[in-house]
Amino acid sequence: MDLFDYMREQNQEKESPLASRMRPVTLDEVVGQRHIIGKDKLLYRAIQADKLSSVIFYGPPGTGKTTLARVIANTTSARFLQLNATSSGKKEMEEMISQAKNNYGMYGKKTILFIDEIHRFHKGQQDYLLPFVEDGTVILIGATTENPYFEVNGALLSRSVIFELHTLSKDDILILLHRAVSDTEKGLGSYRAALEEEAAQFLADAANGDARTALTAIELGVLTTERSADGWIHITLDVASECIQKRVIRYDKSGDNHYDTVSAFIKSMRGSDPDAAVYYLARMLYAGEDIRFIARRIMICAAEDVGNADPQALQVAVAASLAAERLGMPEAQIVLSQAVTYVAGAPKSNAACEAVFHAMEAVRTVKTPPVPAHLMDAHYKSSAKLGRGSGYKYAHAYPDHYAAQQYLPTGLEDMVFYHPTENGYEKQISAYLAQIREWKKDGLHD
């Protein structure tokens with residue numbers, strides 16, 4: 001490296017974006033991903049001991065895949081080479097492999113080859129790497145935002161350990177924001193910027209787990225905001241909103257606004273207004289509400305307010321809950337919208353919900369009589385001697401698959417807990433139960 005290269009590298013480091021300057025250089029500086037780089041975890045121990053084997057880092061943007069690769073570069077005694085699959089071809093790969101061979105042959109040093117966005121390499125390019133990974137010419141570190149089981153050569157996968165990185169938590173993002181504002185060497189500490197807590201909370205929410213998004217926003221805020229009379233740059237909620245180009249919605253997840261919005265959401269579904277329901281869904285999603293929380297509210301409404309008027313509603317709600325959690329945002333909003341509009345547009349009945357409340361009240365207030373003897377379990381020894389199960393009528397052996405017999409305990413025979421409505425499918429249930437009452441009255445199926 002000559003003087004000009006050195007100066008260019010130094011200037012680039014100073015002028016590079018905040019997200020790049022703030023990259024950790026040691027494992028202890030890394031925020032988040034404790035599930036793979038906690039001090040008792042395999043990856044932490046392997047990096048610290050400089051005994052890393054080929055790995056694939058898989059996760060959403062801004063979760064630290066490149067950061068971990070750079071940390072490895074700073075801690076390993078091996079030579080570290082880097083390629084980006086979007087801009088590199090076979091020629092660049094051949095040059096890297098040649099350097100790795102020379103490095104090992106002449107100096108006995110291994111080479112770590114980091115390939116960012118490895119899923120961009122086609123099958124032929126991935127196949128080219130295989131023998132050099134297999135014989136140890138290079139230790140491969142691949143980074144990908146796509147599922148490696150679909151996008152990476154199976155032979156490469158079998159020779160690598162896959163580590164999945166998760167989106168950073170809100171608390172992780174807050175740590176990074178405050179670190180960036182206070183760090184005088186790599187961060188923005190020399191600017192004398194004050195990040196208000198309300199603004200920090202908003203940025204951490206809006207970043208949606210992406211550290212790069214949060215750091216880019218705070219850098220823009222500090223660099224474009226005029227100093228106040230006290231000589232400080234104040235990053236307020238309004239400044240933060242402009243920097244991340246997201247309108248502020250007053251939505252405190254533990255305050256009244258949160259509960260008011262959720263209440264309106266549920267009541268709109270119950271009130272069969274899909275337009276209002278999907279609007280409140282959008283407000284919650286925009287404000288960063290947990291999709292699992294929303295999905296639970298939809299499932300409850302499907303059972304409590306739709307019930308047997310449309311039994312399919314609960315199936316749709318449960319399926320949406322599973323799909324939303326597996327997909328994550330932004331795709332989850334489509335799934336949740338389908339469930340919300342279905343539940344809101346379904347016929348309504350709370351009869352099934354009321355039935356269990358009435359039954360619970362009876363259990364609580366009425367002396368609990370024994371189960372009728374003919375309904376008791378007849379499978380254990382001596383049950384026949386005790387009359388357990390004796391006289392039970394198997395419903396399927398009778399016409400219409402119904403046998404008239406006592407099911408409720410003695411003393412409660414005439415109690416009715418479930419009163420089906422005439423709405424939706426429950427109308428058919430109501431007609432069937434009315435028919436059974438007629439059979440009982442006429443003494444049929446005895």
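Predicted model only: the values in this text are computed from it and were never measured.
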Side chains of [X] and [Y]: do they bring a donor and an acceptor to under 3.5 Å?
| X | Y | result |
| --- | --- | --- |
| D172 | S169 | yes |
| T86 | N84 | yes |
| S349 | E426 | yes |
| K170 | Q201 | yes |
| T137 | D135 | yes |
| N102 | Y107 | no |
| S77 | K109 | no |
| D273 | S268 | no |
| R23 | T67 | yes |
| Y432 | Q428 | no |

Supply the atom-to-atom distance [X] [atom1] to [Y] [atom2], rounded to the nearest 0.5 angstrom.
| X | Y | atom1 | atom2 | value |
| --- | --- | --- | --- | --- |
| I294 | Y280 | CD1 | OH | 14.5 Å |
| L68 | I141 | CG | CD1 | 9.0 Å |
| I118 | L156 | CD1 | CG | 6.0 Å |
| L165 | Q33 | CG | CD | 4.0 Å |
| T76 | L52 | OG1 | CG | 7.5 Å |
| I115 | Q126 | CD1 | CD | 8.5 Å |

Next item on the list: Determine, stepwise, if the pair Q48 / Y44 fulfils side chain to side chain donor-acceptor pair (under 3.5 Å).
Entry: CA-CA 6 Å; Q48 290 290 70; Y44 182 93; 3.3 Å; yes

Does [Y] offer a backbone N or O that forms a donor-acceptor pair with the side chain of [X] under 3.5 Å?
| X | Y | result |
| --- | --- | --- |
| E29 | V25 | yes |
| E164 | Y58 | no |
| K39 | I37 | no |

Next item on the list: Compare all side-chain heavy atoms of V152 with those of I162 and state whether any distance is below 4.5 angstrom.
Entry: no

Next item on the list: With R297 as the cation and F293 as the aromatic partner, state whether NZ or CZ is under 6.0 Å from the six-membered ring centre and within 45° of the axis.
Entry: yes

Margin query: Can you give me the closest heavy-atom contact between G62 and L168, atom names plus distance?
Written below: O-CD1, 4.1 Å

Margin query: Please verify the inter-ring angle class for F57 with F163; under 30° counts as parallel, over 60° as perpendicular, anything in between as tilted.
Written below: tilted

Notebook entry, point to check: Can a salt bridge be assigned to the pair K90 and E95 using a cut-off of 4.0 Å between side-chain N and carboxylate O?
Noted result: no

Notebook entry, point to check: Any salt bridge between R120 and E117, counting N to O under 4.0 Å?
Noted result: yes

Item checked: is_close_aromatic(Y128, F132), centroid dist under 6.0 Å -> yes

Check: More than 12 heavy atoms of other residues, nucleotides or ligands under 6.0 Å from OH of Y191: is that the case?
Finding: no

Checklist line | Qualifying residue, where the test is side-chain contact (heavy atoms from CB on, under 4.5 Å) with L237 and the options are E198, E197, E196 | finding: E198

